[in-house]
Amino acid sequence: MPTHAIVRLPGPDLVNGLTSASLGAPSWELALEQHRRYREALQSCGLKLTVLETAPGYPDCCFVEDTAVLTEKGAILTRPGAPSRLGEVDSMRPVLEEHFTLRTIEAPGTLEGGDILRMGNHFLLGVTARTNREGATQLAAHLYRMGYTSEMVPVDAYLHLKTAVGRVAENTVLVTEKLAGIPALEPYRRLVVPEEEAYAANSIRIGDTILTPAGHPRARALLEGLAPRIVELEMSEFQKVDGGLTCLSLLF
Ligand code: CIR
């Protein structure tokens, strides 16, 4: 169970965030409000929050998950595959150095935290347009030295692996129809969200609580009974720039 969360406030240039969605431009004001509620939800799970100021010039900087992979045995700074996001990592370094021994992903490797799904002591490493095989291989070596196992999971239908699959209970994932049949997920109980609610697959388990995006009733029904507390959060403004619940924090 994590005890801390690092988040970063979205800036007014969130409207220029990278996106493949055609949902229109996000409202910064509403994004700030949704982010405030997200922070409250993390605090209600008992997490101590570090809230970083926005980083001007980095429209996607609130999606801190992509900048690092954190474990209780050390942390790895990533090397985002989106060139506009590479510089976000430098500003995370001093923050993470306060808590972790840091390892790095080196060029030509690319890796974004949204591609890394932890299931116990095993990590699934999504290989996507943002995380290449070289980056995943470097991460696998770091994880191996820390005593973890991992495997690569090629994903081409989504931005990140965790766009389409989230850990919601021990050995249990919420997953989209497209990814439900992949071999890497066979060992786990799979709760399959219908395609029109695919966005809800990116839900998070924190202790006794599941955080899930509001407005996805069928996904919500699948979660019933899996946790004592289920909190629904409005995420519309982040969804407009391809961001989900996990992306907005680094938990440790
Ligand atoms: C991007 O395309 O990089 C951002 N607009 C969204 C990042 C979402 N991050 C995540 O799923 N971990």
Side-chain angles (χ1 to χ4, degrees), residues 2 6 18 20 58 60-61 63-97 99-167 171 173 175-176 178-188 190 201-202 204 242-244 246-252:
I6 299 171
L18 298 172
S20 61
Y58 294 99
D60 289 301
C61 67
F63 302 119
V64 285
E65 170 181 61
D66 293 318
T67 62
V69 177
L70 309 183
T71 81
E72 57 280 12
K73 295 181 187 164
I76 299 100
L77 282 176
T78 66
R79 190 169 177 278
S84 65
R85 301 198 59 191
L86 269 173
E88 290 177 31
V89 175
D90 291 335
S91 64
M92 293 303 294
R93 181 185 285 275
V95 182
L96 292 172
E97 263 171 357
H99 304 278
F100 294 96
T101 301
L102 294 178
R103 296 161 174 83
T104 53
I105 301 294
E106 302 295 333
T110 64
L111 189 119
E112 296 191 359
D115 279 317
I116 312 307
L117 176 66
R118 181 172 180 175
M119 297 298 293
N121 287 327
H122 186 64
F123 287 73
L124 304 185
L125 316 180
V127 175
T128 62
R130 299 291 183 86
T131 294
N132 63 16
R133 284 194 173 268
E134 170 61 25
T137 302
Q138 290 181 30
L139 180 62
H142 288 310
L143 292 171
Y144 178 77
R145 283 186 215 108
M146 295 173 178
Y148 299 112
T149 56
S150 65
E151 68 184 286
M152 289 190 205
V153 182
V155 175
D156 50 19
Y158 298 99
L159 173 63
H160 289 128
L161 172 63
K162 279 190 290 188
T163 307
V165 52
R167 179 188 171 279
N171 291 323
V173 293
V175 60
T176 62
K178 281 186 199 153
L179 279 204
I182 62 171
L185 292 178
E186 264 168 32
Y188 308 107
R190 282 154 280 162
N202 186 271
I204 324 179
D242 288 346
T246 62
C247 327
L248 288 176
S249 56
L250 277 166
L251 307 180
F252 64 101

Start with the C-alpha gap between Leu161 and Leu179, add the side-chain angles, then the distance that decides, and say whether side-chain contact (heavy atoms from CB on, under 4.5 Å) holds.
CA-CA 9 Å; Leu161 172 63; Leu179 279 204; 3.9 Å; yes
Could you walk me through whether Thr78 and Glu112 pass side-chain contact (heavy atoms from CB on, under 4.5 Å), step by step?
CA-CA 6 Å; Thr78 66; Glu112 296 191 359; 5.7 Å; no
Could you tell me if the side chain of [Y] sits less than 4.5 Å from the side chain of [X], heavy atoms only?
{"X": "His142", "Y": "Thr71", "answer": "no"}
{"X": "Leu102", "Y": "Met92", "answer": "no"}
{"X": "Arg130", "Y": "Leu18", "answer": "yes"}
{"X": "Leu143", "Y": "Leu125", "answer": "yes"}
{"X": "Arg133", "Y": "Pro154", "answer": "yes"}

Using only heavy-atom distances, determine whether the side chains of [X] and [Y] contain a donor-acceptor pair under 3.5 Å.
{"X": "Thr149", "Y": "His122", "result": "yes"}
{"X": "Thr176", "Y": "Tyr158", "result": "yes"}
{"X": "Thr246", "Y": "Glu65", "result": "yes"}

When you check the gap from the basic side-chain N to the acidic O, do Arg118 and Glu72 get nearer than 4.0 Å?
yes
Distance from [X] atom [atom1] to [Y] atom [atom2], nearest 0.5 Å?
{"X": "Phe63", "Y": "Leu159", "atom1": "CZ", "atom2": "CG", "answer": "10.0 Å"}
{"X": "Leu124", "Y": "Ile182", "atom1": "CG", "atom2": "CD1", "answer": "7.0 Å"}
{"X": "Cys247", "Y": "Asp60", "atom1": "SG", "atom2": "CG", "answer": "10.0 Å"}
{"X": "Thr131", "Y": "Leu139", "atom1": "OG1", "atom2": "CG", "answer": "9.0 Å"}

For Phe252, the ring pair (Phe, Tyr, Trp, His ring centres under 6.0 Å) test, sequence neighbours excluded, returns His4, His99, Phe100
Might you point out which heavy atoms bring [X] and [Y] nearest each other, and give the distance in Å?
{"X": "Pro80", "Y": "Val89", "value": "CD-CG2, 3.4 Å"}
{"X": "Leu185", "Y": "Val173", "value": "CD2-CG2, 4.5 Å"}
{"X": "Ala184", "Y": "Glu151", "value": "CB-OE1, 3.6 Å"}
{"X": "Ile116", "Y": "Phe123", "value": "CG2-CD2, 3.7 Å"}
{"X": "Leu70", "Y": "Ala75", "value": "CD2-CB, 3.5 Å"}
{"X": "Lys73", "Y": "Gly147", "value": "NZ-CA, 4.5 Å"}

Of Leu96, Ile105, Leu111, which meets side-chain contact (heavy atoms from CB on, under 4.5 Å) against Leu77?
Leu96
Could you walk me through whether Val64 and Glu88 pass the side-chain contact (heavy atoms from CB on, under 4.5 Å) check?
CA-CA 8 Å; Val64 285; Glu88 290 177 31; over 6 Å; no
Can you name the residues that form a side chain to side chain contact (heavy atoms under 4.5 Å, CB included) with Thr110, not counting sequence neighbours?
Arg79, Asn132
Intermediate values then yes/no, side-chain contact (heavy atoms from CB on, under 4.5 Å), Arg103 and Met146
CA-CA 11 Å; Arg103 296 161 174 83; Met146 295 173 178; 3.2 Å; yes
